[in-house]
Amino acid sequence: MLTFFVYYTIIEVIFIKYKILVIDDEDSILEMLKLNLELEEYQVYIANSSLSAMEKLSYNPDLILLDINMPKISGIELCIKIRDYVPCPIIFLTARAGEQDKINGFKVGGDDYITKPFSIDELLIRIKAHLRREERKITRKKKRFADDLVIDYESRQLFIKNQAVMLSKKEFDIIYFLSMNAGIIFDKERLYEKLWGYDSDGDSNVIKEHIRKIRKKISEYTDVEYLITVRGVGYKWEN
């Protein structure tokens, strides 16, 4: 008697949800937006104060909705603080539609605005448009080329003159973050918070040691300096 064994392969499909942070001091607006955004399969975080908003940045949102008329710290001031940590699109929610308000918002790093009261359908269209734009930017940035240096973000490898540079996970994390934000200066405290997390028990001085090791490894292949120290301020990636 022959026995046949049938094997079933279970394929788990994982859908990655976009993360949206909604910042507004009106709880009714937060609840309404959270409900509608979750119906669209977004992962939603809400904050009704600037302090709560800064804490929620640790979730690495893909897009932020920010009320321009926040109490104590305005949405404009909060946007400036947020831009020190995340590069994702920021859409201002504003009760005013004056030209100067729009200009001020764009100057501090806002990407778009929508005037209250707004159509939820229009807001959803704007959100989808910005997320698609970010997808295209990420696709273009799968590799970064600079002279003889190539950063392959997908395989998490650094090549110089076609030779792979051996890096630890945290060393590549530093290169990844700084090169993705090339030209922007980050102090070691902000780098530490971004890469190790707000609640980590370590010391930001570890950044200095990792930077030293990265430079030493790169110097074995080239004399070009990509990781620049801005004395008294911090570090930046320069192509």
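Model, not experiment: these values are computed from the prediction.
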Report summary line: So the ring pair (Phe, Tyr, Trp, His ring centres under 6.0 Å) pairs with at least one residue in residues 46-72 (sequence neighbours excluded) are Tyr45-Tyr59
Query raised in the report: Hey, is Asp173 close enough to Lys169 for a salt bridge, meaning N to O under 4.0 Å?
Result: yes
Query - Residue list, side-chain contact (heavy atoms from CB on, under 4.5 Å) with Phe118, at least two apart or on another chain - result: Met32, Leu33, Leu93, Ile114, Lys116, Leu123
Query raised in the report: Within the side chain of Ser119, is there an N or O that forms a donor-acceptor pair under 3.5 Å with the backbone of Asp121?
Result: yes
**Report entry** Non-neighbouring partners of Tyr226 that pass ring-ring contact (aromatic ring centres under 6.0 Å, His included), sequence neighbours left out
**Finding:** Trp237
Query raised in the report: Tracing side-chain links under 4.5 Å among I, L, V, M, F, W and Y, which residues wind up in one group with Leu51?
Result: none
Query raised in the report: For Glu225, does the CD atom have more than 12 heavy-atom neighbours from other residues, nucleotides or ligands under 6.0 Å away?
Result: no
Query - Reference residue His210; test ring-ring contact (aromatic ring centres under 6.0 Å, His included); the match among Tyr235, Phe172, Trp196 - result: Trp196
Query raised in the report: Which residues satisfy the ring-ring contact (aromatic ring centres under 6.0 Å, His included) test with Phe186, sequence neighbours excluded?
Result: Phe177
Query - Cationic N near anionic O, under 4.0 Å, Glu77 to Lys81 - result: no
Query raised in the report: Should the pair Arg83-Asp111 be classified as a salt bridge under the 4.0 Å nitrogen-to-oxygen rule?
Result: yes
Query - Arg212 with Glu209: basic N within carboxylate O range, under 4.0 Å - result: yes
Requested in this report: Kindly give the cluster partners of Met166, where membership spreads through any ILVMFWY side chain lying under 4.5 Å from a current member.
Outcome: none
Query - Residue of the set Lys128, His130, Lys19 for which side chain to side chain contact (heavy atoms under 4.5 Å, CB included) holds with Leu63 - result: His130
Requested in this report: Starting from the C-alpha separation in whole Å, work towards a yes-or-no answer on side-chain contact (heavy atoms from CB on, under 4.5 Å) for Asp24 and Asn48.
Outcome: CA-CA 5 Å; Asp24 199 298; Asn48 61 6; over 6 Å; no
Report task. For atom CG of Asn162, decide whether the heavy atoms of other residues, nucleotides or ligands shown that lie under 6.0 angstrom number more than 12. Result -> no
Report task. Look at Glu238 together with Lys236 and state whether they make a salt bridge at an N to O cut-off of under 4.0 Å. Result -> yes
Report task. Please report the closest heavy-atom contact between Tyr42 and Leu131, naming both atoms and the distance. Result -> CE2-CD1, 3.6 Å
**Report entry** Ser179 (side chain) donor-acceptor with Tyr176 (main chain) under 3.5 angstrom
**Finding:** yes
Query raised in the report: Less than 4.5 Å apart, any side-chain heavy atom of Leu124 and any of Glu40?
Result: yes
